[in-house]
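Everything below concerns the one structure shown next.
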There are 2 protein chains.
Amino acid sequence: MQKVAACSHLLFDQLKKILYIEDEPYLARIVKDTLELRGYEVLHKKDGTKIMEQVSNFAPDICLLDVMLPNIDGYALATHIRNMNPQLPIIFLTSKTQPNDIVKGFSSGGTDYLKKPFSMEELIVRIENQLKIMSRDTPALQSLPDEVRLKNYRFYPGKFELHTPSKVIRLSNRESQILAQLCAHTNNAVDRRALLQLVWGDDSFFNSRNLDVYIRKLRGYFEGAEGIEIITLKGKGYHFVVS
Amino acid sequence: MQKVAACSHLLFDQLKKILYIEDEPYLARIVKDTLELRGYEVLHKKDGTKIMEQVSNFAPDICLLDVMLPNIDGYALATHIRNMNPQLPIIFLTSKTQPNDIVKGFSSGGTDYLKKPFSMEELIVRIENQLKIMSRDTPALQSLPDEVRLKNYRFYPGKFELHTPSKVIRLSNRESQILAQLCAHTNNAVDRRALLQLVWGDDSFFNSRNLDVYIRKLRGYFEGAEGIEIITLKGKGYHFVVS
DNA sequence: AGGCAATGTTAAATAAGGTTAAACATAGTA
DNA sequence: TACTATGTTTAACCTTATTTAACATTGCCT
């Protein structure tokens, strides 16, 4: 049986980004760290001031909102966000558990509502669920250009082709996804967990040497390419050097 | 019917249909009556035998599944339903509240998970939320234009014709449906299961290589067409490249 | 320095899909 | 009624992407 990747049908998507509003620092810390470990990029804020700015600049894939916040409450935030973006998933995290609160949560634009205290497993699974639902029919979110120049190689993400000086290599889906990620972070670190999360969806998928196999293949393709190299950052990820 | 006007989900649509599997008769009674009062059509069953038949005959807009059921459990039911219909919302109703149960719920194809005991308000609001999310992205078959330009080919979905530079190919019904789907997602991934679901409905249609045969035919038609290609995304679907 | 976990390297196993051709179904028609 | 033509499904066999597994290597940490 094969695992269904959470978001892999969006071919070349970036790391998923989470905007997280929570005023309780201790809880916020735990949640943020855990999510980052799982390969998400998390922007945490203690309140909802400048939320619109953050939504448009940070461009999150999903928002987590506490309800009881200083100044503006979570419901009002959701309403604003929903006005600006009709698609963006919003999960409320709150200890307000009365039916009426929940109704308010959904009618203000929330797409899920999670009662405190919650387990991180449940939060993660609900985040992934929302992302899966939302990404089901998002058109052309390709974040890479049609052609990526890598020295005298050319990578065409949309066509699954890698052109070397001497030949054209047809890449498989996985190869292409991974290379796309590397390209998106050229001369920068790519987190290993994030890569796994992105390509395989990560559902309790820790022990496989699968990624290594694909890295090997890509390295094979770039063999003999002066100035192109995939460097291992042990315990961290990879560094795609193009110099 | 009485309070129909008050129910926002009834305004523009048919009665929404709910398939509800629950073996505890008292609870089932209350839930069914309340939902019907709210203007839903509810088909209640005490277990999951013949679930596939019910899904295809009753054609529910959403399923509510208890987890602990005689014979087949709710997770297994969800998996079956999900195989048959990749879109249909499934809400679990259960007293199993361990993180692991929840993970299982979502990974078996659930789209929401509600812990017992729950309030009817919460259930209803979650049902409406799922319906709202689902109605946002309906597959775009009918919205195709009369003429689709694919490089120097032309596809006329309404006329079942594919014009190549040299000749006119009359497409069959199936060929046309599949090509239309591909066109609707040009330069994007099309989910294999969604395609099967769309073209063949679903009826216990798991092992057939039928779609492949049609993909072959379409590939044949585009043979020699520079920049038009149907790429396989193994385990996922197809990617229609037009560049 | 040496133990250990993380990653590299291969090869084999598996599952997903490709390719044909023949069987089947159906509607039109001699 | 049988005959054709056409679209669709089934089936057998082939190819390849992806996963798994087994063993080798690297480099960090005490």
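Chain letters run A, B, ... following the sequence lines, proteins first and then strands; every chain starts at 1. These figures come from a predicted structure and were not determined experimentally.
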*Is any side-chain nitrogen or oxygen of B/Ser172 closer than 4.0 Å to OP1 or OP2 of D/dT8?*
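It does, given that an N or O in the side chain of B/Ser172 lies less than 4.0 Å from OP1 or OP2 of D/dT8.
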*OP1 or OP2 of D/dT19 less than 4.0 angstrom from a side-chain nitrogen or oxygen of A/Trp200, does that happen here?*
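So the side chain of A/Trp200 is within the cut-off, an N or O lying under 4.0 Å from OP1 or OP2 of D/dT19.
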*Using a cut-off of 6.0 Å, state whether more than 12 heavy atoms not belonging to A/Arg29 lie near its atom CZ.*
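No - once you tally the heavy atoms of other residues, nucleotides and ligands closer than 6.0 Å, there are 12 at most.
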*Is it true that atom CZ of A/Arg149 has more than 12 heavy atoms of other residues, nucleotides or ligands lying nearer than 6.0 Å?*
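No - once you tally the heavy atoms of other residues, nucleotides and ligands closer than 6.0 Å, there are 12 at most.
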*Cation-pi between B/Lys159 and B/Tyr156: NZ/CZ under 6.0 Å from ring centre and within 45° of the ring axis?*
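Yes.
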_Tell me whether B/Lys151 forms a cation-pi arrangement with B/Tyr153, defined as NZ or CZ under 6.0 Å from the six-membered ring centre and within 45 degrees of its axis._
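No - B/Lys151 does not lie over the ring of B/Tyr153 by the 6.0 Å and 45° rule.
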Check every atom of [options] against the side chain of [X] and return the nucleotide holding the closest atom.
X        : options               : value
B/Arg174 : D/dT19, D/dT9, C/dG17 : D/dT9
B/Thr232 : C/dT7, C/dG17, D/dT19 : C/dG17
B/Lys234 : C/dA5, C/dA15, D/dT9  : C/dA15

In whole angstroms, how far is the [atom2] atom of [N] from the [atom1] atom of [X]?
X        : N      : atom1 : atom2 : value
A/Leu211 : C/dT9  : CG    : P     : 13 Å
A/Arg209 : D/dT25 : CZ    : C1'   : 13 Å
A/Arg170 : C/dG17 : CZ    : P     : 17 Å
B/Asp212 : D/dT16 : CG    : C1'   : 13 Å
B/Lys236 : C/dA15 : NZ    : P     : 18 Å
B/Leu171 : D/dT8  : CG    : C1'   : 15 Å
B/Asn210 : C/dA23 : CG    : C1'   : 13 Å
B/Ile231 : C/dG18 : CD1   : P     : 12 Å

*Classify the nucleic acid contact of A/Arg192 as base, sugar-phosphate or nothing, counting any heavy atom under 4.0 Å across all strands shown.*
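Since only primed, P, OP1 and OP2 atoms lie under 4.0 Å of A/Arg192, the category is sugar-phosphate.
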*Hey, does A/Tyr238 reach any base, or is it just sugar-phosphate, or nothing, if we go heavy atoms under 4.0 Å?*
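It contacts sugar-phosphate atoms only.
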*Gap between atom NZ of B/Lys115 and atom OG1 of B/Thr94 - 0.5 Å precision*: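 Nearest 0.5 Å value for the OG1-NZ distance: 10.5 Å.
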*When rounded to the nearest 0.5 angstrom, what is the spacing between CG in A/Leu123 and CG in A/Leu93?*
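Going from the CG atom of A/Leu123 to the CG atom of A/Leu93 covers 6.0 Å.
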*Going by heavy atoms in the side chains, are A/Tyr40 and A/Gln197 under 4.5 Å from each other?*
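Yes, close enough: below the 4.5 Å cut-off.
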*On DNA chain D, check which nucleotide each of B/Asn173 and A/Val213 is closest to and give me the residue with the more 5' one.*
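Its nearest nucleotide being more 5', the pick is B/Asn173.
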*Got a sec? Which of residues 214-228 of chain A come in under 4.0 Å of DNA chain C, heavy atoms?*
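Going residue by residue through residues 214-228 of chain A, the ones with a heavy atom under 4.0 Å of DNA chain C turn out to be A/Arg216, A/Arg219.
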